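Counting starts at 1 for both ligands and their atoms, in listed order. Just so it is clear, the structure is predicted and the values come from calculations on it, not from any experiment.
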Amino acid sequence: MRVVQFGLGTMGLPMARTLFDAGIDLVATDVSAAAREAFGAAGGAAPPPTDVDVSTADVVLTMLPEGEHVAAVHASVREDVADGTVFLDCSTIDVETTAALHTAASERGLELVDAPVSGGPEGAAAGTLSFMVGGRDDAVERIRPLLDTLGSRVTTFGPTGMGQAAKACHNMIVGITGLAVFEGFALADALGLDASAFHALCSNAAAACWTLDNRCPVPDVVDGAPSSNGYEPGFAARLMAKDLRLAQAAAASVSLETSFGRQAAERFTEFAEAGNGDLDYSALYRTLLPGDDS
Ligand code: NAD
């Protein structure tokens, strides 16, 4: 199977490395020269986007920030790929764009499988991502070896677009949970509790959750958490804000009011737009501490 991957960012780079290390025939590219060099340094082939030959690709994998980026890549390669090529989009984007790209792909005799992920760069590096998949069964089966290499859990939800629907619901939970954990630690700090002892308590009690153990917002409590590394993402606040807005759009499309999800969308959007978009989303914790005026 020959794979061409677009996007070598926080997620795309460890995904490409995992596929490359597993012996997949992979060419990967990014508009950023630094990102291409990082994959090249790992031994992979990483030409600039304009030099990539997609004509023999079985799969065009995208791991890009937003729908507009995925749409731009699809538009740039759609006429050059062979009939039957599968577009595998692992980015988190809006259901509407996915539907439009699916229509354009189908009219050209191509497949589109949407397979957004959970698990962060750690999961991409370890091959333990969780995939939420939408697409035709036979197209999904064709790209399954890639999903099995990159992930430890693959859940299919039906036709193209349903993967993004599942992801919107999932990340709404992660955003709301994040606010709960960060606010809990801010209160613990204000009350004079030791953060490490409080973390150990919560990890082994009813408050236990993924956010607590992977995105603990207090520096030097959890090794490897973004907070212990200057809040370097991890999962950038701008992407969390984007995902929560996608969840709000999905809720609006079915006339459902999700008030906690709306508050989370507002808080993370405000935080990202205040110049914090490239920090890990757990950095929002700092705005909850007494005396912070950001
Ligand atoms: P990122 O911003 O770190 O990386 C995106 C990369 O895409 C960048 O290197 C950028 O230069 C590149 N790019 C943009 N336009 C391009 C184009 N036209 N052609 C080639 N490359 C292009 O983002 P990320 O954290 O890797 O996230 C990617 C997607 O995965 C997003 O939709 C995000 O919501 C989702 N996601 C991220 C995480 C996480 O923990 N970071 C977890 C799950 C899902």
Side-chain angles (χ1 to χ4, degrees), residues 4-18 27-40 46-52 54 60-78 87-95 97-98 101 114-126 128-133 147 150-151 153 163-164 166-175 178 210-211 214-215 224-226 229 231-247 265 268-269 272 277-283:
V4 173
Q5 176 176 326
F6 288 81
L8 288 166
T10 306
M11 290 297 290
L13 180 61
M15 286 170 67
R17 282 184 175 147
T18 299
V27 172
T29 189
D30 196 292
V31 290
S32 155
R36 296 196 303 272
E37 277 162 25
F39 186 53
T50 46
D51 292 355
V52 172
V54 293
V60 173
L61 190 164
T62 40
M63 194 53 173
L64 300 167
E66 305 199 32
E68 64 186 277
H69 306 103
V70 180
V73 167
H74 281 204
S76 71
V77 303
R78 196 179 289 118
F87 285 143
L88 169 59
D89 183 29
C90 297
S91 328
T92 303
I93 69 169
D94 55 293
V95 177
T97 297
T98 298
L101 294 178
D114 57 316
V117 305
S118 174
E122 308 92 329
T128 57
L129 292 172
S130 290
F131 283 95
M132 294 151 260
V133 181
L147 304 185
L150 292 166
R153 181 179 292 272
Q164 296 296 353
K167 175 69 177 174
C169 300
H170 174 273
N171 271 31
M172 190 174 82
I173 294 175
V174 178
W210 183 92
T211 305
N214 293 276
R215 296 293 180 269
N229 190 24
Y231 295 96
E232 195 173 302
F235 187 40
R238 65 184 156 81
L239 295 177
M240 173 59 92
K242 179 253 313 181
D243 287 2
L244 290 165
R245 292 194 299 269
L246 293 181
F268 282 106
T269 298
D278 287 327
L279 294 176
D280 187 75
Y281 75 98
S282 58

**Q.** Nearest-contact summary for atom 31 (C) of ligand 1 - protein heavy atom, Å
**A.** L64 O, 3.4 Å

Q: State the atoms of ligand 1, each with its element, that fall below the 4.0 Å cut-off from a heavy-atom position in P121.
A: 40 (O)

Q) If you count the atoms of ligand 1 from 1 in the order shown, which ones are under 4.0 Å from a heavy atom of V117? A) 43 (C), 44 (C)

Q. Numbering the atoms of ligand 1 from 1, which are under 4.0 Å from a heavy atom of V73?
A. 17 (C), 18 (N), 19 (N)

Q. Does ligand 1 have an atom under 4.0 Å from some heavy atom of S76?
A. no

Q. Which one of T62, D280, D30 has a non-hydrogen atom at the shortest distance from atom 12 (C) of ligand 1?
A. D30

(Q) Within ligand 1, which atoms have a heavy atom of D243 less than 4.0 Å away? (A) 34 (O)

Q | Ligand-side contact atoms (ligand 1) for residue partner G120, heavy atom cut-off under 4.0 Å | A | 40 (O)

Q. So is R238 in contact with ligand 1, going by heavy-atom distances below 4.0 Å?
A. yes

Q. Among protein heavy atoms, which lies nearest atom 27 (O) of ligand 1, and at what distance?
A. L239 CD1, 3.7 Å

Q | Proximal ligand 1 atoms for K242, defined as those under 4.0 Å from one of its heavy atoms | A | 31 (C), 32 (O), 33 (C), 34 (O)

Q. Any non-hydrogen atom of A72 lying under 4.0 Å from ligand 1?
A. no

Q. To the nearest 0.1 Å, how far is atom 15 (N) of ligand 1 from its closest protein heavy atom, and which atom is that?
A. H69 CD2, 3.8 Å

Q: Considering the heavy atoms of K167, write down every atom of ligand 1 situated less than 4.0 Å from one of them.
A: 43 (C), 44 (C)

